[in-house]
Amino acid sequence: MPGLTRSRHRLTTALAVFGLLTTGAAVQATTAATPAHAATPHRILFDNAHAETAGNADWIISTSQPDPLGQNSSPSAETDWTGALSSWGVDLQKTGNYSLKTLPSGSSLAYGGSSSTDLSNFDTLVLPEPNTLFTTAEKTAIMTFVKNGGGLFMISDHTGADRNNDGYDAVEIFNDLMTNNSVDSTDPFGFSIDSLSISSDHPSAISDSTDPVLHGSFGTVTKSLIASGTTATLKPADNSSVKGLLYRTGYSGTTGAFFATSTFGSGRVAFWGDSSPVDDGTGQSGNKLYDGWNDSTATNAALALNATEWLSGASGSSGGGGGGSTCTAAQLLGNSGFESGATTWSASSGVITNSSGESPRSGSYYAWLNGYGVANTDTLSQAVSIPSGCTTATLSFYLHVDTAETTTSTAYDTLKVQVLNSSGTVLSTLATYSNLNAASGYTRRSFSLAGYAGQTVTLKFTGTEGSKLQTSFVIDDTALNVS
């Protein structure tokens, strides 16, 4: 039922000012879409020392190695760097939150040494379809890196994809890594890679709104694609943390997992069953490539980027050197139900109220944005620090929308839910609601913020109302639960 058009005088300005003083300063409104540089960029090493460019493969972010910035120091398009993974690299580089390097051909993976490409200097290692076996020393380095807090991204291909004709494909190489190493050969990650060659499919994501890989800051993942690939068999009895996120059509549970995640020691692991999804279709002259990155039938870019973000959060800035941070299960938002009035939150005057014009979901106070029937903007925000050791961080709130608008097709009035950094730059728009979402009662909304573990971010609601009919966005019982 539409609420009455409200008066501009709701809660006193003094209370709103007190709320600002409690949290420090109001967050600046911004429309910028590119995140500001992180204080400590996540450090990613892409492997090119194991025949990743053999045959038609071109699994590099740039021909400038180890530093892609040597090709273009400020890339804005995938063609600014050369390689079938250049879109992946450029998209990470543009955020300002990542430092990217490549282990060049002729090098070896090592951990604990003095080389600039030593794994101890990185947070995540990406292995994009290796085509030569890892040496004994390399396997020890990889496993120790992960055990001590590093992230490992394993991208396979179908069985028989032996691009350099040395007798080994990525399926065999990864299974050898997991079953024949000096650190832990007893199914350490809780899965094995299947010896399959699946010609085509569109694996679907499981339903899990809290998973940070499926619902990260780079977008929501719904489908991937197989253009000759394989799957994994999960073994939760060996590692209870293993989890299938996308499954081959007709499969679920422990079989047919096309994308899976796990943990080992203090580190994190991700597996993808085909290299085609991360192929952007561009590369060095003469290579036959497939543009899975931009394929409109899948959400491969979001999957790759969210997974990179999640993997990099395993060790923060420790470079896999000392284990991950701990996380105590908690609810992090202050004054989450608004019952302390205009404190803790920064809000437009009168937004936090106990007015009888709308109804709280619980208690006496709630947040009421807009509802005037004239052009106006209301904001509500709170800064919060998410511990780096937390693998789950779920923002939730209850939202009620009522409106006097009669249209069923035009969003005249909107409410944006956004994540900002400490400079006020928008990192992500989680959702946009409008007069079209009007309904009786409250509806619970939730989003994963696990990708921001280790960061202090600001959660911001911005309501914008047009100049004629009122729309009220009413919020209550917020929470940010971490574990």
Side-chain angles (χ1 to χ4, degrees), residues 10-36 38 217 330-354 358 360-361 365-372 376-386 393-401 413-434 444-453 455-465 471-482:
R10 294 176 287 179
L11 211 62
T12 66
T13 301
L15 280 175
V17 171
F18 179 60
L20 295 179
L21 291 174
T22 304
T23 55
V27 176
Q28 295 178 346
T30 178
T31 57
T34 303
S217 65
Q331 194 290 110
L332 302 182
L333 292 180
N335 191 22
S336 59
F338 308 108
E339 294 307 302
S340 297
T343 65
T344 309
W345 296 88
S346 296
S348 301
S349 177
V351 162
I352 298 176
T353 180
N354 61 354
E358 290 282 355
R361 178 179 177 273
Y365 281 83
Y366 56 93
W368 182 1
L369 290 82
N370 310 120
Y372 298 107
N376 72 98
T377 299
D378 276 338
T379 61
L380 173 73
S381 63
Q382 183 175 149
V384 60
S385 296
I386 304 175
T394 303
L395 169 67
S396 64
F397 56 89
Y398 286 83
L399 175 66
H400 166 60
V401 181
D413 312 308
T414 62
L415 175 72
K416 289 186 176 181
V417 186
Q418 296 175 311
V419 181
L420 289 70
N421 66 11
S422 58
S423 299
T425 301
V426 176
L427 300 177
S428 176
T429 297
L430 302 176
T432 300
Y433 304 102
S434 73
R444 185 179 185 270
R445 312 287 185 174
S446 65
F447 306 90
S448 172
L449 301 186
Y452 301 103
Q455 301 181 46
T456 296
V457 295
T458 295
L459 309 177
K460 186 175 184 180
F461 300 86
T462 302
T464 304
E465 193 171 22
T471 297
S472 295
F473 300 100
V474 189
I475 301 167
D476 203 358
D477 295 331
T478 66
L480 177 53
N481 292 302
V482 299

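Quick note: numbers below take in every heavy atom, side chains included, and nothing from hydrogens, waters or symmetry partners. All residue numbers refer to positions in the sequence shown, counting from 1.
Ring geometry, Phe461 versus Phe397: the interplanar angle exceeds 60°, so the pair is classed perpendicular (tilted spans 30 to 60°).
Within the model, atoms NE2 of His400 and CH2 of Trp368 stand 9.5 Å from one another, a figure rounded to the nearest 0.5 Å.
A side-chain donor-acceptor contact under 3.5 Å links Glu339 to the backbone of Tyr365. Judged by distance alone, the side chain of Asn335 and the main-chain N or O of Thr343 form a donor-acceptor pair under 3.5 Å. Judged by distance alone, the side chain of Tyr366 and the main-chain N or O of Glu358 form a donor-acceptor pair under 3.5 Å. At least one donor-acceptor pair under 3.5 Å links the side chain of Thr478 to the backbone N or O of Ser336. At least one donor-acceptor pair under 3.5 Å links the side chain of Ser348 to the backbone N or O of Thr379. Using a distance-only test at 3.5 Å, with no hydrogens or angles considered, a donor-acceptor pair links the side chain of Glu465 to the main chain of Tyr372. Asp378 contributes a side-chain N or O that, together with a main-chain N or O of Asn370, makes up a donor-acceptor pair within less than 3.5 Å.
Contact annotation: the side chain of Lys416 approaches that of Thr432 to within less than 4.5 Å [non-hydrogen atoms, C-beta and beyond]. Considering only heavy atoms from C-beta on, Val419 comes within 4.5 Å of Leu459 through its side chain.
A donor atom on one side chain and an acceptor atom on the other are found under 3.5 Å apart for Thr471 and Asp413.
Of all the heavy atoms in Val384 and Leu480, the pair that sits closest is CG1-CD2, 3.7 Å.
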